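What follows is a single structure, written as structure tokens, with notes after it.
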Amino acid sequence: MMDGETIKEPPQEWGPTAWSHLSAVRDRSLLIQCITNFVSMDLVANTLLSVGASPAMLHSTEEIPDFTPHVHALYVNVGTLSSDWLPAMMAAARLATKLGKPWVLDPVAAGASRFRLNACLELLQLKPTVIRGNASEILALSQASLAPTTGVDSSHESMDAVEAAKCLAQASGGVVAVSGAVDIITQGNRLVGVHNGVPMLQKITATGCAVTALIAAFVAVDPLHAFEATVSAFSVFGIAGEMGMEQAKGPASLRMHLIDSLYGLDQVALLSRINITTALPGHDT
Ligand SMILES: Nc1ncnc2c1ncn2[C@@H]1O[C@H](COP(=O)(O)OP(=O)(O)OP(=O)(O)O)[C@@H](O)[C@H]1O
Ligand SMILES: Cc1ncsc1CCO
Ligand SMILES: [Mg+2]
């Protein structure tokens, strides 16, 4: 293989990988510190609880030295960022990095303001294990796009951000994930697409924040394989969305059935529904 060439992954391996990650998360009572936005706190906490993890929404700077050393992973989400929250995000991320704990960044609306973009760039310096955003956020962050985004929703398709994601992964040294109809996950010379999920997930606020929290839990069980953990978390969340949609009447009931489906997801359903590709249309892998 030539340097820089993308490795072709054997897709048949992903079902057992995702199942073993979900089983490990369920078995281990993982403590996940979440410094997340006000909109997402409820869905993030309930998503983590549904897979057996313990969410803790502690965001005071004063508590970080006592608490962060005990967590299995840290989740930082800048959705409702203000200047008084940034020091806690930075301190927690710095301590997690120093202690060798995985931490995951959700750069919500990264391009919406100079303040937010600078905050995200400062957080990037602290080497997140995984960065998960929508296409507009990843484009803004990788500075492939200098135009401001319109808000927290994506105005781009995830495929638009493939090259930006690869650049950001190389620059940051972490895993970069772009959510969308196809979730793109990349690190170094690896790249896969997760095709699970339903469009209605976009009609529930904070499902992106929730899948990032799930990634934090999955990475906590397997910090040395953050790429596999991230792909697994996306497929589990997407499958739960598909199964939830079979019972839902609209976004509000999908939110409820999504959580129930995450809680009840079994091996047979996961193995039969997982849909992962390694060759993306229009991208020569
Ligand atoms: N068109 C689609 N088809 C299937 N699944 C989708 C689609 N768009 C998004 N998803 C899924 O919805 C979830 C949220 O992704 P999305 O890209 O909407 O995040 P986001 O924009 O960061 O959301 P938020 O900011 O509200 O948290 C992911 O699990 C993603 O796979
Ligand atoms: C709607 C909204 N505004 C800031 S954060 C957030 C939740 C989705 O990211
Ligand atoms: Mg988001």
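Counting starts at 1 for both ligands and their atoms, in listed order. This is a predicted model, so every value here is computed, not measured.
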Quiz item: So is Thr207 close enough to ligand 1, meaning a heavy atom under 4.0 angstrom away?
Solution: yes
Exercise. Using non-hydrogen atoms of the residue, decide whether Pro199 is closer than 4.0 angstrom to ligand 1.
Key: yes
Practice problem: Salt-bridge test for Arg255 and Asp260: reply yes if a basic N is under 4.0 Å from a carboxylate O, no otherwise. | Solution: no
Self-check item: Ion pair Arg190/Glu228, N-O distance below 4.0 Å
Solution: yes
Proximal ligand 1 atoms for [X], defined as those under 4.0 Å from one of its heavy atoms:
| X | result |
| --- | --- |
| Phe237 | 29 (O) |
| Asn134 | 17 (O), 20 (P), 21 (O), 22 (O) |
| Cys209 | 27 (O) |

Practice problem: Apply salt bridge (charged side-chain N to carboxylate O under 4.0 Å, His left out) to the pair Lys127 and Glu122, showing each step before the final yes or no. | Solution: CA-CA 10 Å; Lys127 300 258 170 235; Glu122 273 184 58; over 6 Å; no
Heavy atoms only: which of [options] lies closest to [atom]?
| atom | options | answer |
| --- | --- | --- |
| atom 30 (C) of ligand 1 | Val108, Asp183, Leu201 | Asp183 |
| atom 7 (C) of ligand 1 | Gly197, Gly180, Ser136, Gly79 | Gly180 |
| atom 18 (O) of ligand 1 | Gln202, Glu242, Lys203 | Gln202 |
| atom 9 (O) of ligand 2 | Ala112, Ala109, Cys209 | Cys209 |

Quiz item: Is the shortest distance from a heavy atom of Ser40 to ligand 2 less than 4.0 Å?
Solution: no
Practice problem: Answer side chain, backbone, both or neither: which part of Val194 comes under 4.0 Å from ligand 1, heavy atoms only. | Solution: neither
Quiz item: Step by step, would you call Thr80 with Asn37 a side chain to side chain donor-acceptor pair (under 3.5 Å)?
Solution: CA-CA 5 Å; Thr80 48; Asn37 69 72; 4.9 Å; no
Practice problem: Write down the atom of Thr207, the atom of Leu201, and the distance for their closest heavy-atom approach. | Solution: OG1-O, 2.8 Å
Quiz prompt | Atom pair NE2/CD of His70 and Gln33 - distance to nearest 0.5 Å | solution = 11.0 Å
Exercise. Output the distance between atom OG1 (Thr68) and atom CH2 (Trp103), rounded to the nearest 0.5 Å.
Key: 12.0 Å
Quiz prompt | Min side-chain heavy-atom separation Ile184-Leu191 under 4.5 Å | solution = yes
